[in-house]
S.K.: 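Following this message is one structure expressed as structure tokens.
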Amino acid sequence: MENLILGFSSVLTPAKLGYCFVGVFLGTVIGILPGLGPLATMAILLPLTFKMDASSAIIMLSGIYYGVAYGGTATSVLMRIPGEASSVVTCMDGYMMARKGRAGAALGVAALGSFFAGTVGTLAVSYLSPPLAKVVFAFGPAEYTMLMVAGLCAVTYFSSSSILRALLMAGFGMALGCIGPDPMTAEPRLAFGTLSLTGGIDITALAIGLFGVSELLFMARRKVESMKIIAPPSHLLGFLPSREEARRSVAPTVRGTALGFLVGILPGGGAVFAAFLSYAMERRLSRRPEEFGKGAVEGVAGPESANNAGTSGAFVPLLCMGLPANAVTAVLLSAFMVHGVSPGPAMIERQPELFWGIIASMYVGNLMLLILNLPLIGLLVRVLEIPRAWLSPIILLLCLIGVYSSTGDTSGVAMCVAFGFVGYFLRCRGYDLGIVILAFVLGPIIERSVRQALTISAGDPAIFVESPLAIGLAVLAGAILVAGLWPKRPVLVPT
Amino acid sequence: MNRGMGTNGGRLAPGLVLILLLLGLWQASRLELSGFTGPGPGLFPVIVITATAGIAALLLLLPHLAGPDTSAEEENDEPDRRNFVACIAALLFIVPASAWFGFTGAALGAAVLMTGLGERRGAAGVVLFGLVCAAVGVILFGALLGVDIPRTELDAAIQRQFR
């Protein structure tokens with residue numbers, strides 16, 4: 001509790017509250033735009049944080065993370081267009097509720113459920129992280145390697161594409177991560193004699209290219225159709241659910257929160273998987289399964305709570321072990337590193353004000369999302385009325401600012417554009433690009449652990465299957481891969 | 001249109017990835033696999049690239065193993081070709097523009113290509129829009145937020161007025 005008070009004392013300053021608000025607001029506005037999900041949004045807005053201190057930067061990025069999730073919900077309910085992948089499920093019942101004149105209730109249930117899930121999820125993060133961080137000390141380099149390999153296998157298992165395609169993308173991402181200075185000796189590698197590759201590939205250029213630029217190409221290809229927006233309520237009371245809707249939402253919200261948090265902790269889990277699982281669970285448990293897809297409030301409350309709790313849950317491995325559970329937290333990890341922060345057990349001991357500041361900012365971000373964004377949502381969705389003719393160049397220029405300010409030269413812009421074409425090409429062929437980003441970030445971490453382990457064992461690879469923990473993780477990784485070849489594995493939408 | 005479903009379409013992606021990986025393998029093979037203190041800088045890249053190239057070769061030779069493209073993103077039958085080409089042109093333009101024409105030049109070029117040529121908006125509106133985008137980028141991001149943006153003398157002079 002003392003630690004949490006320490007966190008709040010570092011967050012509750014006008015400047016940091018301002019950064020949190022800007023993050024939540026920008027996240028919501030960009031989350032509303034279809035296609036630009038949390039990953040591209042955070043990559044584009046990351047340079048805005050370069051001049052800030054680490055704690056302000058991370059507070060703002062966490063706000064963006066939450067804001068994007070809520071922005072995606074608004075377009076799902078009002079237009080049947082998911083602003084990001086975890087809101088796909090909300091399109092089904094949220095939009096049908098809106099068509100029945102219950103748009104305000106759907107948005108209200110989503111916002112209140114998200115707030116509850118986010119708060120409970122944050123509480124769980126704050127109580128689980130310190131003891132879990134102590135467990136991490138039991139991991140040596142070999143166990144750490146096997147843990148990350150098992151995690152990467154789990155991510156490929158839950159990928160939207162087949163496991164072989166997902167493995168190809170994981171390997172491709174890791175190979176891209178090998179470009180640049182050797183993590184142990186700083187010797188340049190795979191640079192093809194060019195200066196621009198000597199320093200490695202910038203994650204901002206990669207993420208903006210694969211997600212932002214490729215989305216621009218998809219936007220440009222589509223025939224323009226006028227978007228129909230169902231008007232949200234003009235006053236706050238209009239967002240309140242009826243007594244019956246509130247009663248039916250309670251249990252799905254609680255279940256979605258618990259399920260979402262647990263799924264969020266798992267590698268490859270996160271908000272998308274949590275939302276889909278919650279929807280399936282609510283449909284199975286419902287006394288009125290026939291209403292699902294036609295405007296069942298449970299179909300909004302459960303998945304919306306689950307995706308927010310999943311977002312919180314994904315912070316556990318990130319903060320305790322420095323391991324991203326999905327592509328979005330991989331970008332967040334790189335943001336930590338840009339600001340000289342190494343998340344993991346050491347952070348809790350050495351930088352408690354930062355660690356607890358992040359936790360406190362998650363509470364504040366959730367509250368801000370509820371108080372400020374709900375009344376503003378009617379105004380924010382008007383972003384979608386901007387014609388493509390004006391919106392596309394604005395997105396392109398935001399991408400340019402994002403990548404140029406991160407890399408500082410034209411080679412970064414060239415790389416970003418090249419990755420945009422690669423991303424478009426691969427997305428057209430059903431490849432999941434989220435894995436590329438995750439593997440790109442995990443690759444150098446895995447390499448460092450592999451080399452540390454082999455140095456300890458004097459080059460004997462048996463070290464990876466010496467301890468029971470390492471053996472268990474190796475068996476788990478193998479089992480996941482074998483299960484992945486099974487034809488009826490769960491498949492998600494692209495992250 | 002789901003181009004990945006066909007055998008040739010299914011082979012294209014792993015084929016191109018394989019070529020890139022083989023180039024990477026050629027570079028990695030020049031690095032030492034072991035050093036004085038343990039594994040060398042080439043060990044991990046060689047293992048990763050060889051394993052990935054193996055998967056790519058498998059998908060190239062046996063494309064049906066990749067499974068159906070259930071998640072391939074749909075492209076409508078009648079794409080907006082003019083706008084798509086204009087978008088590609090704008091993307092290709094901003095690379096040299098960021099080096100030589102600064103943010104103002106990049107913004108104007110993007111507006112002319114995407115809004116003017118792609119969406120057929122009037123010239124005056126396009127130029128005005130480009131100038132507004134340039135002003136927002138240079139003043140808000142460059143001068144007020146201190147973000148590093150592509151700059152020419154013109155951009156730098158505008159920024160100095162607002163710092």
S.K.: Determine yes or no for a side-chain-to-main-chain donor-acceptor pair under 3.5 angstrom, with B/Arg11 supplying the side chain and B/Leu60 the backbone.
M.R.: yes
S.K.: Does NZ or CZ of B/Arg30 lie under 6.0 Å from the centre of the six-membered ring of B/Trp26, at an angle within 45° of the ring axis?
M.R.: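 Yes, B/Arg30 sits over the ring of B/Trp26.
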S.K.: Out of A/Asp409, A/Leu454, A/Ile401, A/Leu426, return the one with the most heavy atom pairs under 4.5 angstrom to chain B.
M.R.: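 When all of A/Asp409, A/Leu454, A/Ile401, A/Leu426 are compared, A/Ile401 has the most.
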S.K.: Quick check on A/Ala418 against chain B: is it the side chain, the backbone, both or neither that has a heavy atom closer than 4.5 Å?
M.R.: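 Answer is neither: A/Ala418 stays 4.5 Å or more from chain B.
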S.K.: Do any N or O atoms from the side chain of A/Thr156 and from the backbone of A/Cys153 form a donor-acceptor pair under 3.5 angstrom?
M.R.: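 Yes; judged by distance alone, with no hydrogens or angles, the pair exists.
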S.K.: Please look at B/Leu113 and chain A and tell me whether the side chain, the backbone, both or neither of the residue comes under 4.5 angstrom of a heavy atom of that chain.
M.R.: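 Contact with chain A is absent: no heavy atom of B/Leu113 under 4.5 Å.
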S.K.: Let me know which of A/Cys399, A/Ser392, A/Pro393 forms a side-chain contact (heavy atoms from CB on, under 4.5 Å) with A/Ile395.
M.R.: A/Cys399
S.K.: Which atoms of B/Leu65 are under 4.5 Å from chain A, going by heavy atoms: the side chain, the backbone, both sets, or neither?
M.R.: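 For B/Leu65, the contact with chain A is made by backbone and side chain together.
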S.K.: With no hydrogens and no angle check, is any side-chain donor or acceptor of A/Ser214 less than 3.5 Å from a backbone partner on A/Leu210?
M.R.: yes
S.K.: Between A/Arg189 and B/Leu31 (side chain of the first, backbone of the second, donor and acceptor by atom type, cut-off under 3.5 Å), is there such a pair?
M.R.: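 Judged by distance alone, no pair lies under 3.5 Å.
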S.K.: Among B/Ile49, B/Leu92, B/Ile94, B/Val85, which residue has the highest count of heavy-atom pairs closer than 4.5 Å to chain A?
M.R.: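 Of the options given, most contacts go to B/Ile94.
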S.K.: Which atoms of B/Ile149 are under 4.5 Å from chain A, going by heavy atoms: the side chain, the backbone, both sets, or neither?
M.R.: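 Both the backbone and the side chain of B/Ile149 come within 4.5 Å of chain A.
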S.K.: Can you label the angle between the B/Phe101 ring and the B/Phe93 ring as parallel, tilted or perpendicular, going by 30° and 60°?
M.R.: parallel
S.K.: Please look at B/Ala99 and chain A and tell me whether the side chain, the backbone, both or neither of the residue comes under 4.5 angstrom of a heavy atom of that chain.
M.R.: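 Both parts, backbone and side chain.
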S.K.: Measure A/Pro188 against the heavy atoms of chain B and call it side chain, backbone, both or neither at under 4.5 Å.
M.R.: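 The backbone, not the side chain.
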S.K.: Minimum heavy-atom separation for A/Tyr424 and A/Arg221, please, with both atom names.
M.R.: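 So the two residues come closest at OH-CD, 2.6 Å.
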S.K.: Under a 4.5 Å cutoff for heavy-atom pairs, which residue among B/Ala97, B/Gly38, B/Ser98 has the most contacts with chain A?
M.R.: B/Ser98
S.K.: What part of A/Leu398 gets within 4.5 angstrom of chain B, counting heavy atoms only: side chain, backbone, both, or neither?
M.R.: side chain
S.K.: Name the member of B/Gly116, B/Ala107, B/Ala111 that forms the most heavy-atom pairs with chain A at distances under 4.5 Å.
M.R.: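 Max contact count across the listed options: B/Ala107.
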S.K.: Could B/Asp155 and B/Arg160 be called an ion pair, given the rule that one side-chain N must be under 4.0 Å from one carboxylate O?
M.R.: no
S.K.: Which region of A/Phe425, side chain (C-beta onward) or backbone (N, CA, C, O), has a non-hydrogen atom less than 4.5 Å from a non-hydrogen atom of chain B, or is it both or neither?
M.R.: side chain
S.K.: For the candidates A/Leu167, A/Leu217, A/Leu216, A/Ile179, which exhibits the highest count of non-hydrogen atom pairs separated by less than 4.5 Å from chain B?
M.R.: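 Heavy-atom pair counts peak at A/Leu217.
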S.K.: Please state whether the side chain, the backbone, both or neither of A/Glu187 comes within less than 4.5 Å of a heavy atom of chain B.
M.R.: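 The answer is the side chain of A/Glu187.
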S.K.: Is the shortest side-chain N to carboxylate O distance from A/Asp182 to A/Arg448 below 4.0 Å?
M.R.: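 Between A/Arg448 and A/Asp182 there is no salt bridge, as every charged N stays at least 4.0 Å from the carboxylate O atoms.
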S.K.: Quick one: what part of B/Ile47 sits under 4.5 Å from any heavy atom of chain A, side chain, backbone, both or neither?
M.R.: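 Neither; nothing under 4.5 Å.
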S.K.: So what's closer than 4.5 Å to chain B heavy atoms on A/Met174: side chain, backbone, both or neither?
M.R.: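 For A/Met174, the contact with chain B is made by backbone and side chain together.
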S.K.: Give a yes or no on whether a salt bridge exists between A/Glu215 and A/Arg222, defined as a side-chain N under 4.0 angstrom from a carboxylate O.
M.R.: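 Result for this pair is yes, salt bridge flagged.
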S.K.: Checking heavy atoms, do the side chain of B/Leu23, its backbone, both or neither come under 4.5 Å from chain A?
M.R.: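 Both parts, backbone and side chain.
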